[in-house]
Amino acid sequence: MEQVYISDIGKYVGEEVTIKGWLYNIRSSGKLRFLEIRDGSGIIQGVVSKKDVSEELWTRFETLTQESSIIVQGRTREHPKRPGVFELDIINLQIVAVAEPYPITPKEHGIEFLMSNRHLWLRSRRTHAILRVRAQVIRAVRDFFDSNGFLLLDTPILTPAACEGTTTLFEVDYFGDAKAYLAQSGQLYNEATAAAFGRVYTFGPTFRAEKSKTRRHLTEFWMVEPEIAYMDLDGLMELSENFICYILRRVLENCRAELEILERDSTSLEKIEPPFPRISYDEAARMLDDAHKSGALENPFEYGSDLGSPDETYISSQFDRPVMVHRYPAKVKAFYMEPDPQDSTKALCVDMLAPEGCGEIIGGGQRATSYDLLLQRIEEHNLPREAFDWYLDLRRYGTFPHSGFGMGIERCVGWICGLEHVREAIPFPRMLYHLKP
RNA sequence: UCCUGAGUAGCUCAAUGGCAGAGCAUCCGGCUGUUAACCGGAGGGUUGUAGGUUCGAGUCCUACCUCAGGAGCCA
């Protein structure tokens with residue numbers, strides 16, 4: 001009998017099949033046993049009736065514990081009470097291994113315990129749903145760029161210097177006489193590949209050694225970063241909203257069951273379509289000012305500073321879809337931003353804030369084209385000039401207007417799944433003080 | 001790094017300064033349609049660590065450790 005996956009079980013109704021997996025839970029009712037069996041692709045309920053099996057087989061079930069690995073044979077049929085749901089009448093059981101008492105019991109657990117047992121927590125329904133959405137988001141990301149003329153060009157993870165000079169980086173000893181740093185962004189390299197290939201993107205892990213301790217932060221997260229030659233800020237904002245809508249559509253098409261398990265109200269996602277609201281930093285500052293005066297925001301907003309987390313939450317709460325805030329003061333943004341020709345104190349940049357307090361999911365902008373300006377900015381930011389020689393070369397040899405953005409996969413998944421914390425959006429989250437498992 | 005809160009059975013949580021308990025998990029028994037199944041029984045504790053106050057501390061005080069939530073910074 002050939003192995004069948006639970007996700008395909010509908011194709012085998014009335015047939016005898018073999019399922020190889022683990023015992024998710026077992027309920028016994030005297031002469032009846034109900035086994036919830038999972039095989040990674042799904043969960044199915046197996047039923048054994050004492051009168052239908054041999055005494056020896058019946059007693060074999062008594063040793064089973066939660067998460068024991070088993071191979072079962074049975075005949076599939078529809079659930080007597082639930083149309084569209086399938087069950088398995090078990091006719092044989094092979095015990096591969098009896099599991100020791102499983103730590104994650106069918107009751108609630110605290111986050112500390114679950115995090116320290118992340119390697120086991122991965123087996124739960126909820127984690128399955130989230131990580132399936134993550135995989136779908138990643139597929140959508142690749143499909144979107146691959147089918148729109150972008151070329152995937154991976155950028156290095158070991159880098160010689162800080163990309164933006166702002167965040168703290170993980171330092172790595174590089175053969176004793178040099179220091180390397182784990183990349184916090186592939187962006188600068190993207191600019192080189194964009195000059196070579198036009199429309200490019202990079203997708204990979206990113207590292208930030210900031211001691212951030214919030215529901216929106218990981219020290220290792222996955223980021224997708226497109227870079228487009230000859231695109232301006234307006235073009236970038238249009239690309240961003242189309243990109244997000246494409247991802248949403250793909251998840252809504254393919255992950256209905258997962259969103260249901262997560263009890264995510266998908267109606268708020270369904271109504272999201274372009275155009276997304278665009279507000280300037282100045283408009284945002286006015287909104288925050290008014291909010292403070294009316295008591296909706298506790299702390300006053302200081303004009304000229306970056307938006308704080310409560311500020312972002314307030315602004316995003318005023319809209320029913322992601323909102324794009326553009327043209328921040330240049331001094332709170334990275335050194336490579338192109339100045340706004342209308343007001344040189346502002347940068348041609350944009351942050352996309354997700355609804356429901358999920359924070360910034362996209363950050364990007366138009367890149368500076370002038371060699372002299374970049375050199376000046378590098379000095380102002382006290383960055384080591386030697387490390388940026390090659391980057392400055394891009395302005396010497398055919399400088400060109402271009403724009404790009406970065407999107408954090410976990411924040412995007414967290415928003416779509418309605419998660420309280422991004423740590424659930426990645427199989428093994430790396431956080432401040434969390435390196436294990 | 002700062003602010004706030006929490007550490008009691010494997011897990012989730014109770015316990016006026018006065019006998020350390022329940023549910024789940026484990027083990028034993030019962031139950032022919034269960035759905036975090038249910039019913040009966042059993043075992044399971046250096047109350048985060050170190051001091052202190054007190055006749056008496058899980059409970060009050062001090063320090064430290066760990067974790068959680070928030071801030072800053074960011075995607």
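Every chain is numbered from 1 and lettered A, B, ... according to where its sequence line falls, protein lines coming before strand lines. The structure displayed is predicted, hence computed values, not measured ones.
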- Message: OP1 or OP2 of A68(B) versus the side-chain N and O atoms of H434(A): is any pair under 4.0 Å?
- Response: yes
- Task: Considering just the side-chain nitrogens and oxygens of R27(A), establish if one lies under 4.0 Å of OP1 or OP2 belonging to A37(B).
- Result: yes
- Task: Pick base, sugar-phosphate or nothing for P310(A), based on heavy-atom distances below 4.0 Å to the nucleic acid.
- Result: sugar-phosphate
- Message: Does I409(A) reach a base, just sugar-phosphate, or nothing at all? Heavy atoms under 4.0 Å.
- Response: nothing
- Whole angstrom value for the distance that separates P of C73(B) from CG of L432(A): 17 Å
- Message: At 4.0 Å (heavy atoms only), tell me whether G359(A) reaches a base, stays on the sugar-phosphate, or touches nothing.
- Response: nothing
- Message: Counting neighbours of CZ on R77(A) that are heavy atoms of other residues, nucleotides or ligands and sit closer than 6.0 Å, is the number greater than 12?
- Response: yes
- Please confirm whether any donor atom in the side chain of Q45(A) sits under 3.5 Å from an acceptor in the base of U34(B), or the reverse. yes
- Looking at N25(A), does any N or O in its side chain come under 4.0 Å of the phosphate oxygens OP1/OP2 on A37(B)? yes
- Nearest to the side chain of E36(A) - G33(B), C31(B), A37(B)? A37(B)
- Item | Sugar-phosphate only, base, or nothing, as touched by K50(A) at under 4.0 Å among non-hydrogen atoms | nothing
- Do R321(A) and E241(A) sit within salt-bridge range, that is, some charged N less than 4.0 Å from a carboxylate O? no
- Side chain of F34(A) only, please: which of U32(B), U34(B), U12(B) is the nearest? U34(B)
- Message: Quick check: on RNA chain B, is the nucleotide nearest R82(A) upstream (toward 5') of the one nearest I111(A), or the reverse? Name the residue that is more 5'.
- Response: R82(A)
- Provide, to the nearest angstrom, the distance between the NZ atom belonging to K333(A) and the C1' atom belonging to C73(B). 11 Å
- Task: Check the side chains of D282(A) and S280(A) for a donor-acceptor pair under 3.5 angstrom, ignoring hydrogens and angles.
- Result: no
- Task: Please find out if less than 6.0 Å separates the ring center of Y281(A) from that of Y303(A).
- Result: yes
- Taking only the side-chain heavy atoms of H79(A) (C-beta and beyond), determine which of G70(B), C73(B), U35(B) contains the nearest atom. U35(B)
- Are K211(A) and C2(B) close enough that a side-chain N or O sits under 4.0 Å from OP1 or OP2? no
- Message: Under a 4.0 Å threshold between the charged nitrogen and the carboxylate oxygen, would R411(A) count as salt-bridged to E360(A)?
- Response: no
- Query: Which nucleotide in the set G69(B), C74(B), U32(B) lies at the smallest distance from any side-chain heavy atom of K213(A)?
  - Reply: G69(B)
- With both distances under 3.5 Å as the test, what is the Watson-Crick or G-U wobble partner of G44(B)? none
- C65(B) C1' sits how many Å from E112(A) CD, rounded? 12 Å
- Item | Sub-6.0 Å ring centroid separation between F207(A) and Y181(A) | no
- Item | Closest-nucleotide 5' rank along RNA chain B - winner of D89(A) and F221(A) | D89(A)
- Query: Which part of the nucleic acid, if any, lies within contact of M407(A), taking any heavy atom under 4.0 Å across all strands shown: a base, the sugar-phosphate backbone alone, or nothing?
  - Reply: nothing
- Side chain of R77(A), base of G33(B): donor and acceptor closer than 3.5 Å? yes
- Side-chain N,O (R423(A)) to OP1/OP2 (G69(B)) below 4.0 Å: yes
- Per the atom types in the model, does the base of C11(B) pair as donor or acceptor with the side chain of H109(A) at under 3.5 Å? no
- Item | Pairing partner of G5(B) (Watson-Crick or G-U wobble, both distances under 3.5 Å) | C67(B)
- Task: For E100(A), answer base if it contacts any base atom (sugar-phosphate contacts may also be present), sugar-phosphate if it contacts only those atoms, and nothing otherwise; contact means non-hydrogen atoms under 4.0 Å.
- Result: nothing
- Query: Do Y189(A) and D154(A) have a side chain donor and acceptor closer than 3.5 Å?
  - Reply: no
- Task: Check whether the side chain of T105(A) and the base of C11(B) form a donor-acceptor pair under 3.5 Å.
- Result: no
- Item | Under-4.0 Å side-chain N/O to phosphate OP1/OP2 contact, S309(A) with A71(B) | yes
- OP1 or OP2 of A71(B) less than 4.0 angstrom from a side-chain nitrogen or oxygen of R216(A), does that happen here? yes
